[in-house]
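Side chains are part of it too, since the values below use all heavy atoms of this structure and drop only hydrogens, waters and symmetry mates.
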Amino acid sequence: MFFFRMIFRSFSRQFKRRLLIAVTVCLSATVSVAMLGVVFDVGDKLNAELSTYGSNITVQPKADAVVNDLYNTGGDANSNASGTSESDPTTFLKESDAPKIKTIFWAFNITNFAPELNIHADVNCASESVDSSSCKASGVPIVGTWFAKTLHMDSGESTVAGMNGMRSWWKLDGSWPKDDSAQGLIGTTLASKLGVTKGDTVTLYKTTADGSRNKQRITITGIYDSGDSDNNAMYIPSSTAQVLANLPDSIDKIEVKALTTPDNDLARKASKNPNALTQDEWETWYCTAYPSSIAYQIEEVIPGSVAKQVRQVAALQGDVLQKTQAVMVLMTVLSLVAAAIAVANLMAASISERGSELALLKAIGATDGAVSRLMLAETAVISLVGAIVGALLGSGVAQIVGHVVFGSGITMRPMVFVLVFVLLTLTVLIASFSSIRSILGLKPAEVLHGR
């Protein structure tokens, strides 16, 4: 009861100094909870944010991938229709195999995918509103793909895949075409060259491998602006492109958008040669959503394919993630250091002002340990109140950061609160250590006599 009475008396005196300690701990807890909460969740948020800018894995026929590696002809995964090559593909994957991507171990991390058949065709206008004599172009890049195709999986689940979700940064004037139709999109550059607008109809002519000349009328449902050379192309349903080129069930690329874990040393080692991994390393790698492990699993389900991560996206994601986490951890450390300095100074000042009180306690029989526990108990109660309030405020700040930066809330993991309370406990103990030592040096006789 003696110690409880002393704690109560301590709260009633020096109110301002105790309030400053509580506020200091509260601010440190707020910053720590907010920053560490974001750090623990920023990987998924950043991955989702970067995934809006296109695919991070591409799947090609094995022969094409070998040629690209040998001659460095592979381009950006999102610039396949840019006209970097004027020749049509000669090796293909089966379009009917594309849905197997959603059957791999990390199927739920595959947020979208779109198969492509990249060909070239001659374009003539077939609209009364356009002068057909001047509306002609040869060797126009044509991309046969899915736009928003509903797939019914063997598991009974359904999913929607296609360019509608892969090209979120496009500026589209009009509407997306329907799959398995005679509709299409045209890039702004090509539309300006041909003088066509949405609602117009153009005719595509294609000389196939057997020498026949096929044609297909396409109604333009929209004009897109991709911001790059892709504006020279047309996008039409894959089934229509396959009929035009006489290439049934054929595609030459699949773009895949997946939520992945940034590469580390294990992932980089596996990407060079998975067979070089030990059994434990292989299991860890295979069961972690690295781009390389997801690509490996895609190769397992699509015959004759090579899946590769888009290095630019992976490197950007890892670099930005590391720098973001480093900044937030640094802010957490600085807030804890500031709290330690402030608490140490405030406690030292408090002990100095209360020297007579503490000397009296020692004079009537209180041991150094009892007096030290009294001061620690008082500081612990004040710090606990500040930490609880700071944790609540920090959770709110983390949500504000999440909505402002990533457009969604931050998932606050229990580990964040445990870690922050442990760090604050250590910080307060370290800050109190030097002040507690001064209590041990108090000599009651000298202090009470004003010496």
Side-chain angles (χ1 to χ4, degrees), residues 3-41 325-358 361 371-405 409-410 412-439 442:
F3 287 110
F4 286 107
R5 286 197 300 270
M6 292 304 299
I7 292 174
F8 178 78
R9 288 179 58 194
S10 297
F11 271 103
S12 65
R13 298 173 58 187
Q14 298 182 329
F15 175 77
K16 183 181 296 185
R17 203 174 301 280
R18 290 168 177 76
L19 180 61
L20 287 175
I21 293 177
V23 170
T24 299
V25 175
C26 177
L27 291 177
S28 180
T30 299
V31 174
S32 299
V33 168
M35 294 300 99
L36 292 181
V38 174
V39 164
F40 276 82
D41 201 44
Q325 289 179 331
V327 169
M328 293 183 176
V329 169
L330 179 60
M331 292 181 64
T332 301
V333 172
L334 291 177
S335 72
L336 292 172
V337 171
I341 295 173
V343 170
N345 289 334
L346 290 169
M347 283 194 66
S350 178
I351 291 174
S352 177
E353 290 181 0
R354 298 169 61 188
S356 299
E357 176 186 334
L358 299 177
L361 288 175
V371 176
S372 298
R373 288 194 295 273
L374 172 65
M375 295 300 297
L376 283 176
E378 176 184 328
T379 305
V381 172
I382 295 172
S383 300
L384 179 61
V385 173
I388 293 174
V389 175
L392 297 175
L393 292 175
S395 299
V397 172
Q399 301 310 314
I400 294 174
V401 172
H403 283 286
V404 171
V405 178
I410 298 294
M412 298 302 297
R413 294 168 170 79
M415 179 58 66
V416 172
F417 300 100
V418 174
L419 182 58
V420 169
F421 275 84
V422 169
L423 290 174
L424 284 174
T425 300
L426 294 175
T427 299
V428 172
L429 285 175
I430 293 172
S432 304
F433 180 73
S434 60
S435 301
I436 296 301
R437 287 185 61 186
S438 66
I439 295 177
L442 284 177

Side chain to side chain contact (heavy atoms under 4.5 Å, CB included) with [X]: which residues, sequence neighbours excluded?
| X | answer |
| --- | --- |
| Val23 | Leu19, Leu27 |
| Leu384 | Ile388, Phe421 |
| Ala29 | Leu424 |

Nearest heavy-atom contact between Val25 and Ala387 is CG1-N, 3.8 Å
Donor-acceptor pairs under 3.5 angstrom involving side-chain atoms of residues 395-403: please list them, not counting sequence neighbours.
residue	atom	partner	partner atom	Å
Ser395	OG	Ala391	O	3.0
Gln399	OE1	Ile410	N	2.9
Gln399	NE2	Ile410	O	2.8

Which pairs would a plain distance check flag for residues 333-342, meaning a side-chain donor or acceptor within less than 3.5 Å of a matching protein atom at least two apart in sequence or in another chain?
residue	atom	partner	partner atom	Å
Ser335	OG	Ser32	OG	3.4
Ser335	OG	Thr332	O	2.7

For the pair Ser28 (side chain) and Thr24 (backbone), establish whether a donor and an acceptor sit closer than 3.5 Å, ignoring hydrogens and angles.
no
